[in-house]
Amino acid sequence: MADDLFSRNFFEIFQVPAGFVVDFDKVDPLYRELQKSYHPDRFVSSTDQERRLAIQNASLINQAYQTLKEPVPRAQYLLKLKGMDIDAETDTTMDAEFLMQQMEFREAIAEVRSNADPLDELDTMLSVLKNDLQILADKFNTLYTESALADAREVVRKMQFLIKARKEIDTLSEELENELL
Amino acid sequence: MALLQIAEPGQSTKPHEHRLAVGIDLGTTNSLVATVRSGVSETLPDENGQHLLPSVVRYQKDSVEVGDAAKAHAVDDPLNTIVSIKRLMGRGIDDLKTLSHQLPYQFAETESSVPRIMTAAGDKTAVEVSADILKALKLRSEQTLGDELVGAVITVPAYFDDAQRQATKDAAKLAGINVLRLLNEPTAAAVAYGLDSGREGVVAIYDLGGGTFDISILRLKQGVFEVLATGGDSALGGDDFDHAIAEWIMSQAGLDKASISHSTARLLLREACKAKQALSDTESVELNIVLDEKQTWFGSLNRDTFNQLVDPLIKKTMMSCRRALRDSAVDKDDVMDVVMVGGSTRCLRVREQVGAFFARDPLVTIDPDKVVAIGAATQANALAGNNPDGDMLLLDVLPLSLGIETMGGLVEKIIQRNTPIPVSRAQNFTTYKDGQTAMAIQVVQGERELVSDCRSLARFELRGFPPQVAGAARIRVTFQVDADGLLNVSASEETSGVKAQVEVKPSYGLSDTEIETMLRDSMEHAGEDKDARSLREQQVEADRVIEALDAALADDGDEMLSSDEKDAILAARHQLQTAREQASDSKQLKQAMAALEKASASYVARRMNASVQKSMAGHKVEEFKSEESEL
């Protein structure tokens, strides 16, 4: 009997082991190959039922690929596979030192306009942020491998903070660039 | 064509039959139709040898003119001669405030959210006007090629939102055209260039048309065109160059913008457009404009002044390029080619600025007016199954984020822009009052944080879930975006399993009833009873379904199905057959078809997976491994 995409997890769909480190040299070509087979464009002359199925399959492949592609969704998905619910953590408190750092960082972003070369300053902030994210990602990988899942989840939450800060930097850079034009 | 008859992906079920499919570029200023003949994709001329059909429609009491015949009356009959209608596609009454200075028509007072232009032939919506343009192109292709059209790929700006795409599809429906796919214009242009080259890498498509600007960053690899990011401005184009020049003329000639007539406004725009085109060949152009019998204005416009007028507009396009590059995580240096699309890229200043931005000469070898239609025809030909060897796939992305309104008029994004499509996301909602049995969800599209700054797509009212205490209900709403970029929403209440009723109120689009009315009013369906037509359509579909099922069962029914499964399917088939012969209304037939669909769902899924795996087998392991070792 034919294998069903919906019965596989996202890592199984791309035939790679479930883990934080993903071999994209293997995933990327298979992604294109799977889309070439399942995309609704391959079923233009089929019935409505088949086309709906093709849309569902192609959506699933896209969702799986997007999840593996980005570190935070990938980490969250790994935890979900281990039975941890990311959303059900309303009573958890964050470590105070980290929150303090974050507040200072956000303030620095907000005040960047008063800087002599704000775009340059934002670039510097961005590289600091990238570095911090990498450190957290490595930490997650270690904790996840050791099955210290609760601690790993804390690391993911910290990563989410940094991703939000990165978005703020991106938006601000865009604004500043547009003003300079 | 057939249920369950799954051909090899990309192949027609009837490989020897050529199926007439065309690509249509439905443009703001001009439209084109193209098809693949003897392996070559080319645009089709009219009987006078003209390829471009001006996107102009003139309505008189008993006649409709499209193209040059209509355009000839743009000045003397401006209110009945509709130009640049694409700018109104998917737009609402509220948008008229910002658009109306460019659309000198009289709009009817109406309760509908869709603007209606008053003409001698009655009130017309943008969808109807576009349908008249599409009908002309359909007629042209059927007359030229002597066959009935199987379907068309119609191009839209990548930046078109859901309402604009839906309006385009509605126009095609009204024109009696089967849409194989809505394709983004830049992607179509990339296809037109991509087929000859066979190169792999990142391509930027800079598309400046009459009324829209798009920038797309694509990667071509393994026969897949992957759209990495798109951006642009759905209200910026060469027409704005004309407006800038016309306003300059007005200020030079001491004319008051508020007091000039519609026809003078048109005249100035036409002269501005001519001046713009002339400046690509000469340094300076002389203007003499006959304002009325007594007054003629003389002046001259040189390149420097022209550049000053249009540079702010070109700079706006560069901001979009910058953002698209950022979104695609691609460096300017990684861009292998820059493809120029749209008539406005003929403007030398545009080529200069784009060349300077990307630090390489842009590609201009294919006529920028035709390149989109040519690419669309290539894709239409492949989708219709005429090209079994070509297995190129176009993977598009969602152009604008989809979100919903939360407390305080804020937007919560459900699907981010530039997410590959098709895509689906589910979101859980709950009630905030005891006994609540309904809720309304506002869906918006756009990047801004406030609902009021985004485009409202629709309001969904979910009702009919059982009363519970506040917060106990779990309503799961699924947002599904298909390959055309069109959104579909479904919802169910999870604790009780009740399928909540979803009522869609499109904010700007036409409701199904309105489209139905238009279809009925349109010439080819006049006099036909709606119910009778609906029944006939269902009968045709039922025949198709039965025929396909029989073929599938003969092929692998015994292999893939247990005898119980097969019996269940055959029972449902029998029911449908009976309904087909006896049913007098389409509802009964629909139910029987739905029952068969349910009974055969798992069988269809299994066949699809088997077929896909067959097509992937062989290179599944070996090819990927070899590629891996190369990298």
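Order of the sequence lines sets the chain letters (A, B, ...), proteins ahead of strands, with each chain counted from 1.
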task = Taking all non-hydrogen atoms of both residues into account, name the closest pair between A:Asn62 and B:Pro422 and its distance.
result = ND2-O, 2.8 Å
task = Answer yes or no: does atom CZ of B:Arg417 have more than 12 heavy-atom neighbours from other residues, nucleotides or ligands under 6.0 Å?
result = yes
task = Against chain B, label A:Ile61 side chain, backbone, both or neither, depending on which of its atoms sit under 4.5 Å from a heavy atom there.
result = neither
request  = State, to 0.1 Å, how close A:Gln49 and B:Ala601 come at their nearest heavy-atom pair, and which atoms those are.
outcome  = NE2-CA, 3.4 Å
ask   = Got a sec: does the NZ of B:Lys332 have more than 12 other heavy atoms crowding it under 6.0 Å?
value = yes
task = Might you confirm whether atom CZ of A:Arg106 has over 12 heavy atoms from other residues, nucleotides or ligands at distances under 6.0 Å?
result = yes
task = Check the surroundings of atom NZ in A:Lys69: do more than 12 heavy atoms from other residues, nucleotides or ligands lie under 6.0 Å from it?
result = yes
ask   = Do A:Gln35 and B:Val224 touch side chain to side chain, with heavy atoms closer than 4.5 Å?
value = no
inquiry  = Quick check on B:Lys413: does its NZ atom have over 12 non-hydrogen neighbours (other residues, nucleotides or ligands) under 6.0 Å away?
reply    = yes
ask   = With a 4.5 Å limit on heavy-atom distance, are the side chains of B:Leu393 and A:Arg32 in contact?
value = no
query = Which atoms of B:Glu447 come close to chain A, meaning under 4.5 Å heavy atom to heavy atom: side chain ones, backbone ones, both, or neither?
reply = neither
Closest approach of B:Ala605 to A:Leu53 (non-hydrogen atoms, all atoms of both residues) = CA-CD2, 3.3 Å
message = Can you tell me which portion of B:Glu559 sits under 4.5 Å from chain A's heavy atoms? Options are side chain, backbone, both or neither.
response = neither
ask   = Say you draw a straight line from CD of A:Gln63 to OG1 of B:Thr419; how long is it, rounded to the nearest 0.5 Å?
value = 10.5 Å
ask   = Rounded to the nearest 0.5 Å, what separation is found between the CG atom of B:Leu395 and the NZ atom of A:Lys36?
value = 10.5 Å
inquiry  = Once rounded to the nearest 0.5 Å, what's the spacing between atom CG of A:Asp48 and atom CE of B:Met593?
reply    = 9.5 Å
ask   = Which region of A:Tyr31, side chain (C-beta onward) or backbone (N, CA, C, O), has a non-hydrogen atom less than 4.5 Å from a non-hydrogen atom of chain B, or is it both or neither?
value = side chain
Working for side chain to side chain contact (heavy atoms under 4.5 Å, CB included), residues B:Val423 and A:Gln66 = CA-CA 10 Å; B:Val423 64; A:Gln66 293 295 308; over 6 Å; no
inquiry  = So, taking the atom named CG in B:Asp482 and the one named CZ in A:Arg52, what distance separates them when rounded to the nearest 0.5 Å?
reply    = 12.5 Å
inquiry  = With a 4.5 Å cut-off on side-chain heavy atoms, are A:Ser59 and B:Arg425 touching?
reply    = no
request  = Please confirm whether the backbone N or O of A:Leu5 pairs with a side-chain atom of B:Asn609, one donor and one acceptor, at under 3.5 Å?
outcome  = no
query = Which atom pair, heavy atoms only, marks the closest approach of B:Gln222 to A:Pro29?
reply = OE1-CA, 3.1 Å
